Amino acid sequence: MDIVDSKGNIKFYNKKALSALLNKSTIKRNIKSYIQNKHTQLYNQPNDNSATDMYLLPHDFVIILDEIWNKDNVKKKKYLDIWYKISYNSKKHGKIIKWIKEESFDSKLND
């Protein structure tokens, strides 16, 4: 995931490095990134059952507030389901705090 610092520099962080960054409370609210997926659904909670009718578009900037790594045992496969709590300033709705899935930052989904 590309993270934009306060000077506008962009640096790539993998999921584990981002997790470590989020655990540092002094910089937690300064972690900014942009959406790369074509259409990013917003959720009230970090689960598929809480989808809203709101979404983000590519290049929308968000502040990453928190993360959750859930284990998912679908068909007995173990993998991590990663969710990010984000803050987004909407022109229409003001400040929105919701959850998005990790693939929202994956540019490969745009292909």
Side-chain angles (χ1 to χ4, degrees):
M1 171 185 311
D2 293 331
I3 302 297
V4 181
D5 68 16
S6 61
K7 296 179 183 177
N9 299 316
I10 298 173
K11 182 177 178 183
F12 177 80
Y13 284 82
N14 66 27
K15 293 169 193 147
K16 289 185 180 180
L18 178 61
S19 182
L21 191 63
L22 281 165
N23 288 329
K24 295 180 180 178
S25 62
T26 58
I27 60 172
K28 187 175 242 181
R29 298 206 178 259
N30 292 325
I31 299 174
K32 296 180 183 177
S33 188
Y34 56 92
I35 301 300
Q36 295 184 18
N37 199 346
K38 287 183 181 179
H39 180 94
T40 297
Q41 186 76 46
L42 295 175
Y43 297 82
N44 288 319
Q45 299 295 323
N47 64 61
D48 289 322
N49 298 326
S50 67
T52 69
D53 60 353
M54 294 185 281
Y55 59 91
L56 298 174
L57 297 172
H59 308 292
D60 282 345
F61 274 90
V62 298
I63 297 174
I64 302 169
L65 303 173
D66 204 355
E67 66 176 342
I68 290 182
W69 292 48
N70 293 327
K71 288 187 180 179
D72 190 351
N73 293 318
V74 176
K75 296 182 183 178
K76 297 187 179 182
K77 292 180 182 178
K78 292 184 178 180
Y79 68 94
L80 293 174
D81 187 23
I82 303 172
W83 292 81
Y84 294 103
K85 187 176 188 178
I86 59 97
S87 173
Y88 174 72
N89 287 323
S90 165
K91 291 178 184 175
K92 184 176 181 180
H93 302 288
K95 186 176 184 178
I96 297 171
I97 297 178
K98 298 289 181 191
W99 290 88
I100 59 175
K101 295 181 178 183
E102 67 147 326
E103 61 260 17
S104 305
F105 299 110
D106 188 355
S107 62
K108 292 178 186 174
L109 294 175
N110 287 329
D111 298 331

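Source: prediction; values computed, not measured.
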*What are the two closest non-hydrogen atoms of Y55 and H39, and how far apart are they?*
CG-CE1, 3.2 Å
*Closest approach of Y84 and I64, non-hydrogen atoms and distance?*
CD2-CG2, 3.9 Å
*Enter the distance from N89:CG to I63:CD1 here, rounded to the nearest 0.5 Å.*
6.5 Å
_CE-NE2 distance between M54 and H93, expressed to the nearest 0.5 angstrom_ = 6.5 Å
Taking the side chain as C-beta and beyond, is there a heavy-atom pair between [X] and [Y] under 4.5 Å?
X: I82; Y: I68; result: no
X: S87; Y: K95; result: yes
X: K101; Y: D48; result: yes
X: T40; Y: L57; result: no
X: Q41; Y: T52; result: yes
X: W83; Y: I100; result: no

_Taking atom OH as the centre, does Y43 end up with more than 12 heavy-atom neighbours from other residues, nucleotides or ligands that are less than 6.0 angstrom away?_
yes
*Counting heavy atoms not belonging to K98, are there more than 12 under 6.0 Å from its NZ?*
yes
*Take I97 and I86, measure what side chain to side chain contact (heavy atoms under 4.5 Å, CB included) needs, and give me the verdict at the end.*
CA-CA 6 Å; I97 297 178; I86 59 97; over 6 Å; no
*For the pair D60 and Y88, evaluate side chain to side chain contact (heavy atoms under 4.5 Å, CB included) and give the outcome as yes or no after the intermediate values.*
CA-CA 8 Å; D60 282 345; Y88 174 72; 3.6 Å; yes
